[in-house]
Amino acid sequence: KQEVTQIPAALSVPEGENLVLNCSFTDSAIYNLQWFRQDPGKGLTSLLLIQSSQREQTSGRLNASLDKSSGRSTLYIAASQPGDSATYLCAVGSWGKLQFGAGTQVVVTP
Amino acid sequence: DVKVTQSSRYLVKRTGEKVFLECVQDMDHENMFWYRQDPGLGLRLIYFSYDVKMKEKGDIPEGYSVSREKKERFSLILESASTNQTSMYLCASSPGGGDLYGYTFGSGTRLTVV
């Protein structure tokens, strides 16, 4: 069974620092990997989707990499802002279903 | 933009009640999903559907059923609500071939069973 792990569970950084969030998965037979953001009490907002054939995806200050062979993905957020404070979830997709990690709770202090 | 709409943001129900959670998507997606999210347990898949009138059990289907009579609507049913079903419920949809396009989630329904 696919296991998805996110480290660290929580992270606090001063504004302006770069954020590095890690996601690992046990079964490399995946179709895609998706990063989501969740604000307290809210639903999930999709940030980036990486297909299994891709190595990375970028959107503005966000960059996500995927190394299928080692079972790892990293989400980089450049020049963090207080508005980036949220929980970030990675989810691995295969056969149309997603398996989620527990998330990394991020606090960016002004 | 694809929209996934969950009919209620907050819901309070009594133990033993039959509860319906509704989800509607507006982009003709084939696939729809129901998850629950609990602190320390993350998101867990309850049921999903690949087509109208089709349903598949997820990881934790016990105590739940679903209905998909129309392509755009996917309902989660708690036949007899219990306090351990107090949770955040999240609906999602994806196109056919969803592995290529990813998921879109609704805003969630916070259900409290008293």
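Numbers restart at 1 for each chain; the letters A, B, ... are given by sequence-line order, proteins then strands.
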Handout entry: Within 6.0 angstrom of A/Arg61 CZ, more than 12 heavy atoms from elsewhere
Key = yes

Exercise for the section: Check whether more than 12 heavy atoms from other residues, nucleotides or ligands sit under 6.0 Å from atom CD of A/Gln105, and answer yes or no. Expected result: no

Handout entry: A/Gln99: which of B/Asp59, B/Leu45, B/Leu43 passes side chain to side chain contact (heavy atoms under 4.5 Å, CB included)
Key = B/Asp59

Exercise for the section: Please assess A/Lys42 against B/Met88 for the test side-chain contact (heavy atoms from CB on, under 4.5 Å), listing each intermediate value before the final yes or no. Expected result: CA-CA 9 Å; A/Lys42 303 286 179 65; B/Met88 171 71 112; over 6 Å; no

Report yes or no: do [X] and [Y] belong to one cluster of Ile/Leu/Val/Met/Phe/Trp/Tyr joined by side chain heavy-atom distances under 4.5 Å?
{"X": "A/Leu48", "Y": "A/Val92", "result": "yes"}
{"X": "A/Leu44", "Y": "B/Tyr103", "result": "yes"}
{"X": "B/Met32", "Y": "B/Met27", "result": "no"}
{"X": "B/Phe105", "Y": "B/Phe33", "result": "yes"}

Handout entry: Contact check, side chains of B/Tyr35 and A/Leu98, non-hydrogen atoms, under 4.5 Å
Key = yes

Handout entry: Contacts of A/Thr45 that satisfy side chain to side chain contact (heavy atoms under 4.5 Å, CB included) - sequence neighbours left out
Key = none

Practice task
Could you check which of B/Arg110, B/Arg44, B/Gln37 has the highest count of heavy-atom pairs closer than 4.5 Å to chain A?
Solution key: B/Gln37

Practice task
Scan residues 42-93 of chain A for pairs that pass ring-ring contact (aromatic ring centres under 6.0 Å, His included), counting only residues two or more places apart or in two chains.
Solution key: none

Practice task
Answer with side chain, backbone, both or neither: which region of A/Ile30 has an atom nearer than 4.5 Å to a non-hydrogen atom of chain B?
Solution key: neither

Problem - Rounded distance [0.5 Å steps], CD in A/Gln34 versus OG1 in B/Thr104 - result: 7.5 Å

Practice task
Name all pairs fulfilling the disulfide bond (SG atoms under 2.5 Å apart) condition that reach into residues 63-110 of chain A, sequence neighbours left out, sorted by first residue then second.
Solution key: A/Cys23-A/Cys90

Problem - Contacts of residues 3-16 of chain A with chain B (heavy atom under 4.5 Å) - result: none

